[in-house]
Amino acid sequence: MCPAMPELPEVETVRRQLAAVLPGRRIAGVRVRLARVLQNASPEELARRTAGRVFGPPGRRGKYLLLPLFRAGGASGSGPGARAGAEEAGARLIVHLRMTGRLTVEPAGEPETPYTRVAFSLDDGQELRFADVRTFGTIHLVEDGQEGGPAGLAALGPEPLADEFTPEVLAAALAGRRAPVKAVLLDQRRVAGLGNIYADEALFAAGIHPQRPAGGLARAEVERLHEAIRTVLARALAEGGTTFRDYVNGRGQPGGFQAYLQVYGRAGRPCPRCGAAIARLRVAGRGTHVCLTCQT
DNA sequence: ATAGCGCCCTGGTGGC
DNA sequence: TGCCACCAGGGCGCTA
């Protein structure tokens, strides 16, 4: 089962998949099988407000997928406001996959998993399907210039793979905090997109114990951690993310980064660097994997 | 402001 | 074989 918890590399991989098929597709209808997924709209509202709209190029912020919706260009009259330009007000679907969410585009005739929660039928005979076993995933619908998006999105920290994420930015995020450095890495307001897997992997790569108070890291350690975060995320992204088990996603690709995991999910097995057994701790309420020899 | 914790939810696992 | 407690964990709301 577990296709791994979607973190930045997995969400970005999904974004790239959707970018290849979604732009230009018009929404013909919506099926909502679990209304709880919709955070700020009823199924009826979602259907009414998305019908006829056209997907633009998908974006991503942290672990949020941003799916722009434009009004169908040029169509029939009496639309409120200016309808001359393509710049007409639009909206966005904001999707968070949480742990087990999946977002795929499949032919409408293709059998769907029983965990399909919301499906948008498209004008080319396909469907954008949101499936989620644990039903933690969320969908917001936000009109441009309106409130109502997820609170966490607005408060998101810097994108770790963007140029803006410098060692100085990381140093500022950690400075003065007594919380474990791992807790700070998981705090999306400090750095966007890291989850349990890549926090553990980055801390291992940097040789830093996850329990260390964030503010106590030496400058050199912060620089190592900065480099480790970027390297681990970039590598995982290049591999299409991490997938556990032999999960085979319908349209999607199984990620390949699981082959490169150094500590995550490897409790009791030898550290790839020193051979000592990987320990499993509990830090910030999360299962945490660490080499007690290499990480100090 | 900050840190910590419980809650949400379901399938898989391990113990008896 | 069957049952059940327990675990996974991102974000959010609450508490101290």
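Below, chains carry the letters A, B, ... as their sequence lines are ordered, and counting in each starts from 1. All of these numbers come straight from a predicted model, not from anything done at the bench.
With A/Phe70 as the aromatic partner, A/Arg53 does not meet the cation-pi criteria of under 6.0 angstrom to the ring centre and within 45 degrees of the ring axis. For the pair A/Arg129 and A/Tyr115, the cation-pi test (distance below 6.0 Å, angle within 45°) is failed.
For A/Phe257 and A/Tyr198, the gap between ring centers is short of 6.0 Å.
Note: CG (A/Leu186) to P (B/dT2) measures 17 Å, nearest angstrom. Rounded to an integer number of Å, the gap from A/Asp187 CG to B/dA3 P is 9 Å. With rounding to whole Å, A/Asp132 atom CG is found 11 Å from B/dG11 atom P. One can place CD of A/Gln188 at 17 Å from C1' of B/dT2, the figure rounded to the nearest angstrom. Nucleotide B/dT10 holds its P atom 10 Å from the OH atom of A/Tyr115, rounded to whole Å.
Donor-acceptor pairing under 3.5 Å is recorded for the side chains of A/Asp200 and A/His289. Counted by atom type alone, A/Arg117 and A/Thr135 present zero donor-acceptor pairs between their side chains at under 3.5 Å.
When each of A/Arg190 and A/Arg36 is assigned the nucleotide of DNA chain B bearing its nearest heavy atom, the one mapping closer to the 5' terminus is A/Arg190. Nearer to the 5' terminus of DNA chain B, by closest-nucleotide assignment, is the contact made by A/Arg189 (compared with the other of A/Arg189 and A/Phe136).
Listed by chain and number, the residues in a side chain to side chain contact (heavy atoms under 4.5 Å, CB included) with A/Ala173 are A/Arg190 (sequence neighbours excluded).
With a heavy-atom cut-off of 4.0 Å to chain A, the contacted part of DNA chain C has its first and last nucleotide at C/dA8 to C/dC12.
Below 30°, between 30° and 60°, or above 60°: for A/Tyr64 and A/His96 the angle between ring planes is above 60°, a perpendicular geometry.
Near-neighbour residues of DNA chain B inside residues 165-178 of chain A, defined by a heavy atom below 4.0 Å, number-ordered: A/Arg177, A/Arg178.
Nucleic acid contact class of A/Gly152 (heavy atoms, under 4.0 Å, all strands): sugar-phosphate only. Counting non-hydrogen atoms under 4.0 angstrom, A/Pro180 reaches the backbone sugars and phosphates but no base. Among the protein residues, A/Arg280 comes within range of the sugar-phosphate backbone only, with heavy atoms under 4.0 Å from sugar or phosphate atoms but none that close to a base.
In the hydrophobic clustering of ILVMFWY residues, with side-chain heavy atoms under 4.5 Å counting as a link, A/Val222 and A/Leu161 come out together.
With a 6.0 Å radius and a threshold of 12 heavy atoms from other residues, nucleotides or ligands, A/Glu164 has its CD atom above the threshold.
For the OP1/OP2 pair of B/dC7 and a distance below 4.0 Å, the side-chain nitrogens and oxygens of A/Arg134 include no atom meeting the criterion.
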